[in-house]
Amino acid sequence: MSNLGFFPTKLLMPTQNDLTRWSVIACDQYTSDPAYWERVEKFVGETPSTLRLIYPEVWLDQSDRLQKIQQIHTQMHHYLEDNRFCTLPEGFIYLERTLRSGKIRRGLLGCVDLERYSYASDSNSSLRPTEGTVESRLPPRIQIRQGAPLELPHIMVLVDDPRKTLLEPLVDWKPWMRPLYDFSLMEGGGHLKGWALDHRSSNWVEDAMQMLSIQLYDQAEHPLCLAVGDGNHSLATAKACFEQLKKELPRAQWENHPARFALVELCNLHDDGLTFEPIHRVVYTQKSEELMKELTTQFPFKESSTEFQIFSKGDTKICSYPGSVPQLIEKLQAFLDNWISENEGKIDYIHGQQALKALCDRPNCLGILLPGMQKQELFPQVLKNGPLPRKTFSLGEAWDKRYYLEARAL
C-alpha cells in the first residue's frame, strides 16, 4: 500500500443530526450563480453546517476576504470546542453516492501522502494532477488553509482499475462494516451513504491496493498510480502549505506532521457512476459580437474536425479544430486568455449546457459549448503529455460534485 500512497486516517465525524443542512457542495461550484449560494444560506439558517467552514468561491473577489477567512478559522475552533465532531478510529470510510441520474458512484475516504505528489508540469510522481495548475490561483486558498485547525475535502483522486478489483467488491463487505450515515443531500445532490470499514475489510483493501501497485510498478518505473480528478488546486494548496512547513520545522517534526497528508475520496476511473462532462466557457464582455467574429475566423468549421458551438443573443455558430479535445481546449484557452488581456472581459467556467445557455440569454455575454473527452483517454494522455489544459473535463455535472461532510485535524 505504501507504493500507492493512499492511507487510512483518523476522521472527524459531525455530531450534528441534520446532515442535509450540515453538508454543502464543493466551494468551487456555481461560481456564476450567487443565487445558488443564497438559497443554501437561507436553507442552512442557524443550523451548524460546513457552510461556516468553507469559502464559496463565488465570493472570493470580495474586499472583505481576509475577514471572512478569519471567521472561518474562528468557527472551526468553536465547532471543535463545542464538540461538534467526534473522532473515529483510524481507518477508511466506504461511500455510495446515488446521483441525480440514479447511478451509484462508489468511493473510499482516506488520505494521500503529499511527499508522493507534485503538481509540476513535468511531474513523474505516483500522484499527479490531470490538469495544469495555475499557481496564481493558490494564494487565497493558501490563506484559507494556513492557520486552519481542520481540513474538509472536496478532492477526488482516481485509480485506473479496469478490472474493478478494489472498490466494487466492497459492496459485499457492507454487512461487516459499521453504518455511519444515510441521508439526502441538499439542492438535488442525490443521496449519500457511508460505512466505516472493519479490521477485516481494511486488511482486504490494503491487500487489493498492494496488488494494484505491484501491477503498476511492473509496467513502468514511474507509474501514474493515482490521478487528481477533482480539486486539483485544493491539493496543490495543501502541497504548497506543507512545503512551507518543511522549511520551518526540523525533519523529525514534519515527517509525521498531519499537514503532510491530505484527505481525499478515492474513486475508480471505470466506475459506472463516474462520468466525464465537458466544462464550458462563458465570456462576459461588451464586445461579444466582435469576439464571435474572431472565434469563427480562428476556428473555422471544417468537417472531420472536433466541433464546438458559440452563441450570443440568439446567434449560434459552429466552429472546429483539427485535433483532439485536449488540443482544442489548449488552443482555445490560449486564444481567450490573450483576447481578455487585450480587451475588457472576464471568463468563467460552467457545468451543464442549460446553465450556459441561460447565462447567455443576458446581454454582453458569449457562451462556448465544448465537447467532452472519453474518460478512458485520461491516464494515457497524462502519461504521454503531462497534465491536460485546465478545465478540460469535469467529474459529472455540478450537482454531482463532492459534498463536505467529514473533516480531519491539521
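Arg97 places a side-chain N or O within 3.5 Å of a backbone atom of Lys401 that can act as its donor or acceptor partner. A distance-only check finds a donor-acceptor pair linking the side chain of Thr20 to the backbone of Ser184 [under 3.5 Å]. In this structure, Asn338 contributes its side chain and Ala334 its backbone to no donor-acceptor pair below 3.5 Å. In this structure, Asp207 contributes its side chain and Trp204 its backbone to no donor-acceptor pair below 3.5 Å. Between the side chain of Gln298 and the backbone N or O of Leu295 there is no donor-acceptor pair closer than 3.5 Å. At least one donor-acceptor pair closer than 3.5 Å links the side chain of Arg100 to the backbone N or O of Gly188. Side chain of Ser125 to main chain of Ser118: a donor-acceptor pair is present (N/O by atom type, distance under 3.5 Å, no hydrogens or angles). Between the side chain of Ser320 and the backbone N or O of Ser305 there is no donor-acceptor pair closer than 3.5 Å. Between the Thr31 side chain and the Glu57 main chain, no donor and acceptor come within less than 3.5 Å of each other. Side chain of Ser202 to backbone of His199: no donor-acceptor contact under 3.5 angstrom is found.
Checked for salt-bridge contact, Lys10 and Glu90 miss the test: no charged N lies under 4.0 Å from a carboxylate O. Looking at Asp337 and Arg390, a side-chain N of the basic residue comes within less than 4.0 Å of a carboxylate O on the acidic one, giving a salt bridge.
For Asp198, the salt bridge (Lys or Arg N to Asp or Glu O under 4.0 Å) partners are Arg200, not counting sequence neighbours. Every salt bridge (Lys or Arg N to Asp or Glu O under 4.0 Å) that Arg52 has, sequence neighbours left out, goes to Glu41. Qualifying ring pair (Phe, Tyr, Trp, His ring centres under 6.0 Å) partners for Phe379, counting only residues two or more places apart in sequence or in other chains: none.
Annotation: Phe261 is not in aromatic contact with Phe6 [ring centroid separation under 6.0 Å not met]. Between Phe308 and Phe299, the distance from one ring center to the other falls under 6.0 angstrom. With ring centers used as reference points, Phe85 lies under 6.0 Å from Trp22.
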N/O donor-acceptor pairs under 3.5 Å from side chains in residues 350-362, not counting sequence neighbours:
residue: His351; atom: ND1; partner: Ser394; partner atom: OG; Å: 3.2
residue: His351; atom: NE2; partner: Gln29; partner atom: OE1; Å: 3.3

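Defined by atom type and a distance below 3.5 Å, a donor-acceptor pair is present between the side-chain atoms of Glu96 and Tyr94. With no hydrogens or angles considered, a side-chain donor-acceptor pair links Asp160 and His270 at under 3.5 Å. Looking at Gln333 and Lys391, their side chains never bring a donor and an acceptor atom within 3.5 Å of each other. Judged by distance alone, the side chains of Ser49 and Thr47 never bring a donor and an acceptor atom under 3.5 Å apart. Side-chain atoms of His154 and Tyr404 include a donor-acceptor pair closer than 3.5 Å. Side-chain polar atoms of Asn232 and Thr133 form a donor-acceptor pair below 3.5 angstrom.
Here the straight-line distance linking atom CD of Gln210 with atom CG of Leu4 works out to 8.5 Å at 0.5 Å rounding. To the nearest 0.5 Å, atom NZ of residue Lys239 and atom CZ of residue Arg145 are 12.0 Å apart. Here the CG atom belonging to Leu336 is positioned 10.5 Å from the CD atom belonging to Glu294, to the nearest 0.5 angstrom. The line from CG of Leu405 to CE of Met13 is 5.0 Å long, rounded to the nearest 0.5 Å. Annotation: the span from Ile310 atom CD1 to Ile318 atom CD1 amounts to 10.0 Å, rounded to 0.5 Å. Between Leu108 atom CG and Asn268 atom CG the span is 11.5 Å, to the nearest 0.5 Å.
Taking the ring centre of Tyr321 as origin, the terminal cationic atom of Lys331 falls outside the region bounded by 6.0 Å and 45° from the ring axis. For the pair Arg21 and Phe43, the distance from NZ or CZ to the six-membered ring centre is under 6.0 Å and the angle to the ring normal is within 45 degrees.
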Please determine whether salt bridge (charged side-chain N to carboxylate O under 4.0 Å, His left out) holds for the pair Asp400 and Lys103, giving the CA-CA distance in whole Å, both sets of side-chain angles, and the decisive distance to 0.1 Å.
CA-CA 11 Å; Asp400 296 331; Lys103 292 183 177 180; over 6 Å; no

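The number of heavy-atom neighbours closer than 6.0 Å to CD of Glu330, taken from other residues, nucleotides and ligands shown, is 12 or below.
Taking the six-membered ring where tryptophan is involved, the planes of Phe183 and Tyr181 are perpendicular, since the angle between them exceeds 60° and thus also 30°.
A side chain to side chain contact (heavy atoms under 4.5 Å, CB included) with Val264 is found for one member of Leu127, Leu109, Val157, Leu226 and no other, namely Val157.
Contacts classified as side-chain hydrogen bond (donor to acceptor under 3.5 Å, both in side chains) and involving residues 247-259 (residues at least two apart or in different chains) are given here: Gln244-Glu248, Arg251-Glu255. Residue pairs meeting the ring pair (Phe, Tyr, Trp, His ring centres under 6.0 Å) criterion with at least one partner in residues 209-229, sequence neighbours excluded, are absent.
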